[in-house]
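These notes are about the structure you will find just below.
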Amino acid sequence: MKSFVISIVTLLLVFGVIIWNFFYINNIYAYMSEVVTELHQDEESKIKVEELWKRWKKKSVLIALSVPHRISDELERNLTILRSRVQEGSKSDFLEAKELLLNSIEEMRIHAGASLDSIF
């Protein structure tokens, strides 16, 4: 009976961590998507991109535990490209970098979502 209770508690703990992770990644997704969507090639956006970069560096370790490294590495690469394109670069290069980053952010959310693959 003890082992059954321990099994149930462990299973509930796993479900709890998966659900917490889902909400954690969704909050990061919502924040990053909102900031990136509002970016333009101006001085204010340079500041926003630097703040986004600092926040990413703080959270990237936990994110890397939640999504495949391929996804988090791609997101970081696209964020780096956007940082350089907002500083200098043509309007089309900036818009391309912005869209690539938005796509990477969406991939992060998809891969961190709660699914049967996450559980089993």
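- Hydrophobic cluster membership of Val5, counting Ile, Leu, Val, Met, Phe, Trp and Tyr whose side-chain heavy atoms lie under 4.5 Å apart directly or via other members: Val9.
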Do any side-chain atoms of residues 16-23 form donor-acceptor pairs under 3.5 angstrom with protein atoms, and if so which ones, sequence neighbours left out?
{"residue": "Asn21", "atom": "OD1", "partner": "Ser66", "partner atom": "OG", "Å": "2.4"}

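- With respect to the salt-bridge test (charged N to carboxylate O, under 4.0 angstrom), the residues Lys54 and Glu51 do not qualify.
- Ile25 and Phe15 sit in two unconnected hydrophobic clusters of ILVMFWY residues. Membership requires side-chain heavy atoms under 4.5 Å apart, directly or through other members.
- Residue Ile71 holds its CD1 atom at 10.5 Å from CE of Met108, rounded to the nearest 0.5 Å.
- Annotation: side-chain contact (heavy atoms from CB on, under 4.5 Å) contacts of Leu13 (sequence neighbours excluded): none.
- Here the straight-line distance linking atom NZ of Lys98 with atom CD of Gln41 works out to 10.5 Å at 0.5 Å rounding.
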Atom pairs and distances, side-chain donor-acceptor, residues 28-38, under 3.5 Å, sequence neighbours left out:
{"residue": "Tyr29", "atom": "OH", "partner": "Glu106", "partner atom": "OE1", "Å": "2.8"}
{"residue": "Ser33", "atom": "OG", "partner": "Tyr29", "partner atom": "O", "Å": "2.9"}
{"residue": "Thr37", "atom": "OG1", "partner": "Ser33", "partner atom": "O", "Å": "2.6"}

Would you mind writing out the side-chain donor-acceptor pairs for residues 78-90 within the sub-3.5 Å range, not counting sequence neighbours?
{"residue": "Asn78", "atom": "ND2", "partner": "Glu74", "partner atom": "O", "Å": "3.4"}
{"residue": "Asn78", "atom": "ND2", "partner": "Leu100", "partner atom": "O", "Å": "3.4"}
{"residue": "Asn78", "atom": "ND2", "partner": "Ser104", "partner atom": "OG", "Å": "2.6"}
{"residue": "Thr80", "atom": "OG1", "partner": "Glu76", "partner atom": "O", "Å": "2.9"}
{"residue": "Arg83", "atom": "NE", "partner": "Glu50", "partner atom": "OE2", "Å": "3.1"}
{"residue": "Arg83", "atom": "NH2", "partner": "Glu50", "partner atom": "OE1", "Å": "3.3"}
{"residue": "Arg83", "atom": "NH2", "partner": "Glu50", "partner atom": "OE2", "Å": "3.4"}
{"residue": "Ser84", "atom": "OG", "partner": "Ile81", "partner atom": "O", "Å": "2.8"}
{"residue": "Ser90", "atom": "OG", "partner": "Ser92", "partner atom": "OG", "Å": "3.2"}
{"residue": "Ser90", "atom": "OG", "partner": "Asp93", "partner atom": "N", "Å": "3.2"}
{"residue": "Ser90", "atom": "OG", "partner": "Asp93", "partner atom": "OD2", "Å": "3.3"}

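- Lys48 pairs by the side-chain hydrogen bond (donor to acceptor under 3.5 Å, both in side chains) definition with Glu44, not counting sequence neighbours.
- For Leu95, the side-chain contact (heavy atoms from CB on, under 4.5 Å) test picks out Lys91, with sequence neighbours left out.
- Put simply, Ile47 and Trp53 are part of two different groups of oily side chains (I, L, V, M, F, W, Y) that touch within less than 4.5 Å, one to the next.
- In terms of hydrophobic clustering, with Ile, Leu, Val, Met, Phe, Trp and Tyr side chains grouped at heavy-atom distances under 4.5 Å, Phe4 and Leu12 are assigned to a common cluster.
- Ser45 contributes no side-chain N or O that, together with a main-chain N or O of Leu39, makes up a donor-acceptor pair within less than 3.5 Å.
- Between Asn26 and Arg109, the shortest heavy-atom distance links the atoms OD1-CG, 3.1 Å.
- Rounding to the nearest 0.5 angstrom, the gap separating the CD1 atom in Ile63 from the CH2 atom in Trp56 is 4.5 Å.
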